[in-house]
Structure formats: structure tokens, C-alpha cells
Amino acid sequence: MLLRAPYRLLALILFAFFVALTAGAASAAQTLGPVTDDIGVIRILKGAPIQIGAYWVLSGADTALGLDSRRGAEIAFKDIGGKLLGHPIKFNVEDDQCSAEGGQTAATKLAANPQTVVVLGPACSSAATPGAPILWQAGITNICNACSAPALTDPSRKPDYAGFARTIASDKDQGASDAKYIYEVLKAKTLATVHDGSPYAQQLAAVTAANFTKLGGTVVAQEAVAPTDVDMHPLLSDIASKKPDVLYAPVFVAAAAQLLRQSKDTPGLDHTPMIGGGSLAAPDFIEAAGPSVVGFRICYPDVSIDTMGKGYPKFLEEYKKTYGEAPTSGYHANSYDAAMMAIKAIEKVAKADKDGNLFIGKKALRDAVYASKFDGLSGPIGCDAYGQCASFKPAVMEFTSADPKTFAMGKNPKKIWP
Amino acid sequence: MSASSPAVALPSAPWLKALKRLNAVDIVLWALRIAVLLVIVAGTIGCVVKGRYTAAQWVDFVVFGLTIGSIYAQIALGYTMVYGVLRLINFAHGDFVMTGAFAGYFIAVPLDQSGFLQRQPVLAMAAILVVAIATSTSVALLTERIAYRPFRRVTGLAPLICAIGVSFFLQQTFRGMFGSAVKSYPEPQWQRAAFNVFGFNVPRIDVILIALALLFMLALYLIVHRTRMGTAMRAVAEDAEAAALMGIDVNKVIVFTFILGGAMAGIAGVFYAFLYKQVYFFMGFTPGIKAFGAAVLGGIGSIPGAMLGGFFLGLVESVGPALFLDGIGITAPYQLRDLIAFTLLIMVLIFRPHGLLGERLSKKRA
């Protein structure tokens with residue numbers, strides 16, 4: 001006998017409780033009003049707001065990225081009159097500080113609100129990587145507009161990310177395009193990469209390096225810094241000893257500005273072109289990098305007016321009118337599309353009862369988001385089975401002035417390729 | 001064989017006695033020592049065998065290390081002096097550095113735009129330093145008067161928590177006033193040139209910053225050791241009550257200490273900003289923590305110790321990744337630079353709690 005009678009009874013009760021709990025979790029279908037949903041239903045009382053959450057970087061050096069995204073979504077809500085199915089929209093935005101800790105905190109806060117229907121953002125893969133699973137555990141679909149790390153929509157991603165979709169292309173394509181530009185256009189034979197440990201920079205640097213090698217080039221250094229590092233001199237001296245033709249550093253504003261400025265003072269790298277990534281299209285980067293920014297190039301999705309959706313010029317006018325300035329970065333259209341995707345999905349699945357209360361099935365909403373298909377402001381939107389809903393348009397942009405006030409996508413930085 | 005045979009007597013060799021006294025903690029500490037030593041030795045040998053770095057690069061690493069080390073040393077002096085007289089770890093000291101750098105920025109930008117910084121580097125730098133010193137000293141004095149003085153007789157953790165609160169307050173105030181974006185410090189042409197030292201090119205800004213830092217630290221050392229107020233400071237550091245009984249105005253001494261610490265923080269802030277060309281509200285945190293580490297490394301409370309700790313920490317940070325980590329085949333070693341710095345700090349705290357030049361604290365002082 002392994003256990004005595006009272007203990008056996010206790011074990012049996014615990015086992016039964018565990019089985020009941022697991023069975024309950026496996027079939028937690030919920031019926032509320034006219035809606036039955038596998039993972040839960042949100043009830044919005046008549047006249048109560050539909051709460052849409054969001055998390056973006058709204059403080060620190062990368063603020064422009066998040067602010068621009070937030071504005072894109074706000075204009076989308078404004079375009080539909082601020083109301084959806086007769087309910088006002090309440091937009092709850094959290095600051096994720098473009099970090100894993102910030103993303104985790106913001107997502108936890110949004111998930112703790114039982115009325116959160118859907119969450120937009122973030123702008124940083126660092127925040128999305130821990131944030132999206134937290135949201136999906138609460139049955140909340142997350143539509144990101146600017147986090148491009150390949151792993152987030154990779155077929156091998158964990159089930160925790162099943163509620164995650166994005167209206168920005170994957171860096172799988174961005175990295176391939178960047179390698180092609182560096183190898184074929186800049187005629188570089190050797191490359192050094194620097195990332196900052198964030199999922200975005202790390203994965204993009206790795207994809208670019210792999211594609212560069214595939215094209216016939218040699219990657220002479222794959223280095224890393226911390227996002228808060230300021231002294232890049234020893235690292236750059238080390239890289240200079242390997243004599244790369246191009247320095248590829250798709251890192252964020254503060255570290256990129258330091259790398260750019262200090263590389264100009266590093267013998268052996270003073271004439272080596274440095275290429276940055278999509279996180280640097282912001283006036284804050286021009287401010288941080290100073291005069292070194294002139295001639296600096298970033299690989300970026302093509303956001304020229306002629307490549308965007310047909311409503312884009314009108315959107316730009318609206319943006320300037322509402323906020324009194326031109327867009328502060330390049331992901332506002334993707335954010336507008338993410339908000340529209342959420343709106344259309346809610347319209348598709350929400351059902352009202354006879355008292356005017358609204359019911360939204362969480363699983364149904366996720367499926368509706370994944371089934372989205374429309375001509376967005378940033379281009380055609382249509383998702384694959386892993387939530388990749390935007391197609392890739394490559395471009396390289398070059399900064400033309402060190403005055404932050406001259407920042408304007410298409411002018412400073414201006415498109416130089418293709 | 002008889003039971004009282006000498007063969008069963010316990011050996012009494014001194015090393016065996018010491019061995020018997022070893023406990024689990026000692027074994028772990030010895031293992032830690034050996035592991036760190038192995039990494040250092042294996043890394044150095046690996047690096048030398050690989051021979052990847054040229055002499056010019058080693059000179060660069062050393063110069064970069066000395067430059068950042070000189071800034072750590074200046075910040076560390078503020079920590080160590082305040083600790084000396086108040087037994088308070090002033091966690092807001094890194095933010096005094098930030099206030100100095102910001103004040104300098106608002107003078108440096110117009111001076112640069114007007115071309116004065118380029119034409120008259122000495123006068124312009126003096127003006128920037130004066131404004132930075134005035135600002136950081138004022139902030140330090142206000143902090144002492146408003147936040148620290150009410151806690152002067154309070155024991156326990158309250159003063160420390162107050163210092164952390166002041167740090168947050170200063171950061172968020174500057175964020176509120178000037179935004180959270182990173183601002184670019186001017187970079188006049190004269191800073192970009194290089195000196196030729198024994199056939200090696202050394203950036204001019206590094207040489208200027210190291211030389212000026214040494215000069216200011218020497219001045220501070222002389223003030224502390226050769227003036228009446230400096231003597232009073234040392235007396236208060238030794239025993240505040242006895243100093244008061246001898247007629248020393250302790251309040252005045254504490255204010256003087258904050259003036260000196262604030263001035264060094266202002267100078268360090270300007271130097272840091274001229275070296276790394278950026279200012280933002282959170283910029284004081286990391287160098288502040290590193291400088292605190294440097295102060296502990298050198299022996300908190302000791303002025304030469306803080307200087308030595310700063311230079312040592314800067315050098316290890318700069319040379320360490322290439323020398324120790326690259327040699328044992330660690331990829332992207334520069335990402336682990338802070339690991340080296342803080343491992344060093346932990347090692348010092350474990351094996352020499354009073355620091356490199358610190359004195360063992362008497363029971364009363366501790």
C-alpha cells in the first residue's frame with residue numbers, strides 16, 4: 001500500500017478536481033446573450049463604450065515610433081465618427097517603453113481589463129514578444145502595426161502567439177532585401193552587423209547576415225551592444241580591425257546615434273558606410289545623431305505616396321490638421337490599417353440582444369481578424385495562417401539634413417532605392 | 001597492536017588544521033576566485049595566441065578606458081565624499097551629473113551655432129563648465145537642504161530611500177521640462193582632431209578630458225588635504241560629534257561637501273556629454289551606478305580610492321571584453337561589458353569589503 005486511506009481519499013479528490021479543471025479549461029465555451037464562443041464572450045452594455053486597448057512606446061528616445069502609430073489609430077476611429085455599432089470607442093493606450101518589461105506590464109494591464117476587446121500595437125518586437133502571449137492567454141487578439149521580428153509570425157511560433165497578427169511585413173523579407181542592397185548595390189563583399197539584443201535587431205541582423213552570406217559575401221563580425229550603451233569606441237575599434245565594407249546596425253535611436261557618431265571618429269571605419277533599420281525614421285534620431293546623420297541610410301518599407309493606398313494623401317492632410325505637424329515616423333498607415341482591421345472584425349462578429357447590449361466572441365473576433373481582406377492605407381491587407389497580413393515593399397532612404405525640423409518621410413529621409 | 005598506538009593520532013600540520021576549518025561557504029568562494037582567475041588567464045592567453053588586435057588597437061582600448069574612467073572617478077568622488085561625512089549613499093548623485101550636462105547643453109548649443117565654440121574653445125568650454133557647475137551645485141545644495149537634512153539624525157534605510165526618491169524626482173522633472181528625447185551635444189571641429197603620442201593616434205578630446213579630469217581631481221585633493229575647510233571635512237568624516245565638540249560647524253562642512261560633490265558632478269556631466277555627444281533625462285543613472293561601483297571598488301570614503309576605482313573600472317570595461325572574453329571565444333563580448341564591471345564589483349565586495357584603498361571601518365563608524 002503506497003498511501004493510507006485518508007491520504008488516498010485526499011489524492012482522489014485532488015485528482016478529480018484536476019481532471020475537472022483541465023476538462024473545463026479544454027472546453028471553456030461561454031454563452032452570453034446571443035453569442036457562444038470557445039474562449040469567452042465580452043458583454044458591452046447598451047451605451048457603454050467598446051474598449052480598444054493599445055501599447056506603444058510613448059516615452060524615451062523612441063517615442064516618435066509609438067506616437068506616430070497612436071495617431072494613425074486615432075484618425076481611424078475619428079474617420080468612423082468615434083462610434084462603432086452605436087457604442088462610443090474608448091481607446092486605452094499604455095506606454096511599453098519599447099522594452100520587454102514595459103511590454104509585459106502594459107499587456108498585463110490591458111489583459112486585466114475584462115472589457116478590452118482587442119489590442120493594437122506595439123511598435124517594438126521587444127514589447128510584443130512577451131506582450132502578445134499575455135493578451136492571448138486572456139483571449140485578446142493583438143494586431144501589431146510595427147513589430148517586424150520574423151519569429152512573431154513564423155510557422156514555428158508557439159501557440160501562445162495564436163492571437164497575434166500584424167499589418168507590417170516580416171523582417172524575413174526586410175533582411176533579404178537589405179542583404180541584396182548591400183551586396184548588389186553597394187558592392188560590399190564584407191559585412192559587420194551589430195544588434196542590441198532586442199528581438200527585432202537580433203533577428204533582423206541574423207537574417208541579413210545569412211542572406212548576405214548566401215549571396216556570396218562574408219560576414220566578418222556579428223557584434224552586440226546593450227540598448228543603453230554609450231561608449232561604442234572599443235566595439236568599433238574591434239570591428240574596424242576586421243575591415244568590413246559596410247556596417248549594418250538595425251538598432252534603436254539612442255544606440256544607433258552613438259554608433260553613427262562614434263564610427264566617424266574610429267580610424268578604419270570613418271569612411272565605412274553604416275546602414276540602419278526601420279526604427280530610425282524619426283526626428284528624434286536626427287536630433288540624437290547630429291551632423292553625422294547627413295548621408296546616413298536606413299533600409300525601410302517603401303512608404304512613398306505612390307506605393308500607398310489611395311486614401312493616403314487625404315489621411316496625411318487629416319494627420320497634419322489634427323496634430324499640427326507631419327507624421328513623426330513611418331508606421332501611421334500600418335496603424336490605421338490595424339485599427340480598421342479591428343473595427344471591421346468587430347462589426348463582423350458582434351451581436352446585439354433585444355435590449356441593445358452588444359456581445360463579442362473572443363475566438364470569433366480572432367478568426368475574423370485573421371480572415372481580413374481589404375485595400376488598406378499601407379497597401380493590400382490579407383493574412384496568412386500565422387497572422388502575417390501585410391506584404392513587403394523594399395526601399396532604402398537617406399537622411400539629407402541634420403535639422404530635426406526638416407524631418408519628412410520622402411524628403412528627409414528621402415528614398416534613394418529602388 | 002595496542003589501542004593507544006600513535007598511528008591513530010590526528011595529524012596536526014597547520015595546513016590540515018586550516019583545511020578542517022573550511023566550510024561550504026569558503027569552498028564556494030574559493031571556487032568563485034578560481035573560476036574568475038581561470039577566465040582571466042585563459043582569456044588573456046587565448047587573446048594573445050589569436051593575436052587579432054594590433055598595438056594601436058590596444059592603445060585605443062586603454063585610452064578609451066582611461067577617458068571613461070576619468071569621468072567615473074569624478075562622479076565617484078561625489079559619492080565617496082558624501083558618504084565620508086554623512087554615511088549616506090547619495091543615489092541622486094548621478095542625476096546631479098545629468099543636471100550639469102543639461103545646463104551645459106543649453107549654453108553649448110547657442111555657442112556652437114554662433115561659431116564661438118569653434119573660434120574660442122577655451123572661453124566657450126569655461127563658460128559651459130561654469131554654468132554646468134553652478135546648476136549641479138545648486139541642485140546638490142537644494143537636495144541637501146530640502147531632502148537630506150531632515151533625515152540627518154535618522155538611522156536605518158530612510159535616508160537611502162529618500163536619496164532614491166530624489167533621483168526619480170530629478171529624472172522626471174527634467175523629463176517633464178525638456179522631453180524624453182535624446183538631445184545631441186555639439187561637436188566642434190577641434191574635438192575631432194587627434195594627437196600623435198609615441199606614433200599612436202589618440203583622439204584629442206580624450207586627451208583633453210583625461211588631463212582636465214586629473215587637474216580638477218588634483219585641485220579637489222588639495223582642497224580636502226591642504227585647506228582649513230578640507231581639514232574640517234576630514235575631521236567630520238572621522239568623528240562628527242568630536243569635530244563638533246572641537247568647534248567645527250558640521251552643517252557648514254556638509255554644505256561644503258555638497259558644493260564640492262556638485263561641482264565635480266557638473267564637470268563630469270559636461271565631459272560625459274562632450275565625449276558621448278548626447279544628453280537625456282536618464283543619462284545619469286548608468287554612469288552613477290558605475291561610479292558608485294568605482295567608489296566601492298576604491299574603498300568608499302577614500303578620495304584616492306574613488307579616483308583609482310574610477311580609472312580601474314573604466315579600464316576593465318574597455319579592455320576586458322577584448323582581453324578576457326574574446327580570448328575564450330565568447331561571441332559579441334561587448335554586450336557583456338557591464339557583466340565584467342559588476343563581477344569585478346561583486347568580487348571586491350566579497351573578498352575585500354573595504355575596497356582597494358579603503359580602511360577597515362571601526363565598529364563605531366560601520
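By the 4.5 Å heavy-atom criterion applied to side chains, Leu235(A) and Arg337(B) are not counted as neighbours.
Of the atoms belonging to Pro333(B), heavy atoms from both backbone and side chain fall under 4.5 Å from chain A. Only the side chain of Lys242(A) comes within less than 4.5 Å of a heavy atom in chain B; its backbone stays farther off.
Sorted by first and then second residue, the side chain to side chain donor-acceptor pair (under 3.5 Å) pairs involving residues 264-277 of chain B (not counting sequence neighbours) are Asp231(A)-Tyr276(B).
Heavy atoms only, all atoms of each residue included: Ala257(A) and Gln278(B) are closest at CB-NE2, 3.1 Å. In this structure, Arg175(B) and Ser59(A) approach most closely via the heavy-atom pair NH2-CB, 2.6 Å. Smallest separation of non-hydrogen atoms from Phe64(B) and Ser237(A): CE1-OG, 3.4 Å.
For the options Asp284(A), Val230(A), Asp265(A), heavy-atom pairs under 4.5 Å to chain B are most numerous at Val230(A). Among Gln262(A), Glu223(A), His233(A), the residue making the largest number of heavy-atom pairs under 4.5 Å with chain B is His233(A). When each of Ser241(A), Ala226(A), Ala240(A), Pro283(A) is scored by its heavy-atom pairs under 4.5 Å with chain B, the top score falls to Ser241(A). Of the listed residues (Asp62(A), Val253(A), Asp238(A)), the greatest number of heavy-atom pairs within a distance under 4.5 Å of chain B belongs to Asp238(A).
By the salt bridge (Lys or Arg N to Asp or Glu O under 4.0 Å) test, Asp95(A) pairs with no residue at all, sequence neighbours left out.
Contacts of residues 285-292 of chain A with chain B at a heavy-atom distance below 4.5 Å involve Glu287(A), Ala288(A), Ala289(A), Gly290(A), listed in sequence order. For residues 188-209 of chain A, a heavy-atom distance under 4.5 Å to chain B picks out His195(A), Asp196(A), Gly197(A), given by residue number.
A distance of 8.5 Å separates OG1 of Thr286(B) from CG of Asp229(A), quoted to the nearest 0.5 Å.
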